[in-house]
Amino acid sequence: MYGRKEVPVSGFASCSHICQPVPGFRSKRSSPRTRAAQQVTSATATIDKPQTAAAPAASLDWSQLAQQMDSQSPLQIIDHALATFGDEVAIAFSGAEDVAVIEYAHLTGRPFRVFSLDTGRLDKETYELFDRVERHYNIRIEYTFPDAQETMDLVRAKGMFSFYQDGHQECCRVRKVRPLRRQLKTLKAWITGQRRDQSPGTRAAVSVVQVDPAFEGTSGGPGSLVKYNPLAGMTGKETWNFLRVMDVPVNELHSKGYVSIGCQPCTRPVLPNQHEREGRWWWEDAAGKECGLHSGNVSVGSAEQGSKAEAQRDLWPEGKVQALSQEELSSLACSESREQDTLVALYAPWCQYSQAMEGSYSELAEQYAARGSHVRIAKFQADTDREFSQQTFGLQTFPTIVMLPKSRKQYIRYPSERRDVETLDLWIKSVVGQ
């Protein structure tokens, strides 16, 4: 019924939740239509024989290994994880990318474990997906739940929807992060479905394998847990092509416009050309769109602490991005007779999100200058006077991008976390024309 009846269960390893697929299993499709599927057929030949014994991991140089594995296929990366850690590594499962990870694990022919966080606030379709995945792969997912007392205390004190007022971090900490922390303390490694293109602000530098900077494993202490992100180099399009080719279960909400799916109150469909993470915690600024499960993507403490060492230099020190002083920007903000349209990036040079947009914003300025555009591309170092930036433009996080239209005393805030040239260009044209 679900495309795996030809794959009987051949036995279980020491963990009762580990499924052992038939060695050498191949998809019925002999002509994959995507790069992801081609990687399956090219890499599987080297890993036909399942091995349950874990290889030594303590002596591995994970930074060097990440560089070596960055060009490898997801199948090869997952095979490395399963061969190295055996039944002490598990796949974190919640969404479409994670089904792709499970399918790759299945294709290795090795036993594998899968766990999932049931927050108590998931959609019906998500629970139905869990059931279909279990039956499709003939496995049992290891469900983890939030602490009942902590959850009850939070809801009694602040209500069911407090995150709409004071942010999602507290609720995610109780319902997701702490349960995850407990689960990871039973493992030496875990595998996620993170991709670099999922969230340009927080996931652009995700490594295919790393020592987890945020969580601890079985032995405890820093460096005790390894994290694999085998899909890091894949795009959303490639992932979905792989899912379609392999004919695996997906969440029915995807057919209703949902792309990134989390808890029901914090997830909504996205419009065409919206980034997938804009469907999550849409009432908050883009920079905060990590629930805490992958908080290692965000610098420890804060973005400010994490990047100050790199920020001895300014951003856009030369080129076509024009620097504005506070006096110039204040005059523009108050003027009703601006001479030209001005796009301003309110930034902090130490902020990793500001640093991440340096290349695209510079390219945008070069393009606009080359074609003699009526729009000036400018910058203002807003951390030198946050109070001014907050009062004048409602600055909350870096970077904030605003348009100061010609001949009008108002500003328009750029609403998206996508800061690539194409998206910025489309938005500028939509608010001030060609």
Side-chain angles (χ1 to χ4, degrees), residues 165-167 169 200-202 281-289 298-299 301-365 368-369 373-419 423-425 427-428 430-432:
Q165 282 73 48
D166 56 15
Q169 296 293 347
T202 59
W281 308 298
W282 56 91
W283 63 93
E284 296 183 14
D285 185 82
K289 294 192 176 182
V298 181
S299 299
S302 69
E304 180 173 357
Q305 294 175 338
S307 300
K308 276 188 173 178
E310 184 184 336
Q312 301 304 316
R313 65 177 183 86
D314 193 12
L315 303 183
W316 309 288
E318 55 187 22
K320 301 300 182 181
V321 178
Q322 300 182 27
L324 299 177
S325 67
Q326 181 178 326
E327 292 72 24
E328 290 173 319
L329 186 56
S330 179
S331 177
L332 279 174
C334 297
S335 176
E336 296 182 359
S337 56
R338 298 169 187 149
E339 295 181 356
Q340 66 180 127
D341 301 302
T342 301
L343 186 75
V344 184
L346 307 173
Y347 74 101
W350 46 259
C351 169
Q352 61 179 329
Y353 309 116
S354 298
Q355 294 167 5
M357 67 172 284
E358 185 175 16
S360 60
Y361 200 66
S362 179
E363 183 180 345
L364 181 74
Y368 273 50
S373 173
H374 60 89
V375 180
R376 172 173 55 169
I377 308 300
K379 66 172 185 174
F380 174 69
Q381 188 173 336
D383 65 328
T384 58
D385 193 336
R386 297 194 194 196
E387 185 176 355
F388 162 75
S389 301
Q390 290 169 348
Q391 292 178 354
T392 308
F393 300 108
L395 174 75
Q396 293 182 330
T397 58
F398 302 110
T400 293
I401 302 175
V402 296
M403 173 65 75
L404 302 174
K406 179 181 178 180
S407 304
R408 281 184 284 173
K409 185 182 177 181
Q410 68 177 99
Y411 71 87
I412 305 171
R413 180 169 174 160
Y414 180 65
S416 174
E417 69 181 74
R418 293 190 66 173
R419 304 182 186 106
T423 306
L424 285 167
D425 184 44
W427 182 77
I428 291 170
S430 72
V431 296
V432 296

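Sequence positions, counted from 1, serve as the residue numbers for this chain.
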Heavy atoms from other residues, nucleotides or ligands near CD of E339 exceed 12 (cutoff 6.0 Å): no

Tell me, yes or no, whether the heavy-atom count around E318 atom CD, taken from other residues, nucleotides or ligands under 6.0 Å, exceeds 12. no

State which residues pass side chain to side chain donor-acceptor pair (under 3.5 Å) with T342; sequence neighbours excluded, sorted by chain then number. R376

Pairwise distance CG(L329) to CD(Q381) - rounded to 0.5 angstrom: 13.0 Å

Euclidean distance, Q355 CD relative to F398 CZ, rounded to 0.5 Å: 12.5 Å

Flag the pair L332 / Y411 as yes when at least one side-chain heavy-atom distance between them is below 4.5 Å, and no otherwise. no

Given Y361, which partner from the list Y414, W316, Y353, Y368 fulfils the ring-ring contact (aromatic ring centres under 6.0 Å, His included) test? W316

Side chain to side chain contact (heavy atoms under 4.5 Å, CB included) assessment of I412 paired with V402: CA-CA 5 Å; I412 305 171; V402 296; over 6 Å; no

So, F380 versus F393, ring centres under 6.0 angstrom or not? no

Enter the distance from E363:CD to D425:CG here, rounded to the nearest 0.5 Å. 10.5 Å

Drop me the distance from L324's CG to S330's OG, to the nearest 0.5 angstrom. 11.5 Å

Passes side chain to side chain contact (heavy atoms under 4.5 Å, CB included), L343 versus L364? Steps please. CA-CA 11 Å; L343 186 75; L364 181 74; 4.0 Å; yes

Within this structure, what is the CG-CG distance for the pair L346 and D383, rounded to the nearest 0.5 Å? 11.0 Å

List in chain and number order the residues that pass side chain to side chain donor-acceptor pair (under 3.5 Å) with Q326, two or more places apart in sequence or in another chain; answer none if no residue qualifies. D385

If you count heavy atoms of other groups shown closer than 6.0 angstrom to CD of E387, is the number above 12? no

Any side-chain heavy-atom pair of S389 and R386 under 4.5 Å: no

So, R413 side chain and G394 main chain: donor-acceptor pair closer than 3.5 Å or not? yes

For D341 and K406, indicate whether the former's side chain and the latter's backbone hold a donor-acceptor pair under 3.5 Å. yes

Strictly distance-based, threshold 3.5 Å: is any side-chain N or O of Q391 a donor or acceptor partner for the main-chain N or O of F388? no

Mind running side chain to side chain contact (heavy atoms under 4.5 Å, CB included) on M403 and V432 for me, showing each step along the way? CA-CA 9 Å; M403 173 65 75; V432 296; 3.9 Å; yes

What is the minimum heavy-atom distance between D314 and P349, and which atoms define it? OD1-CB, 4.1 Å

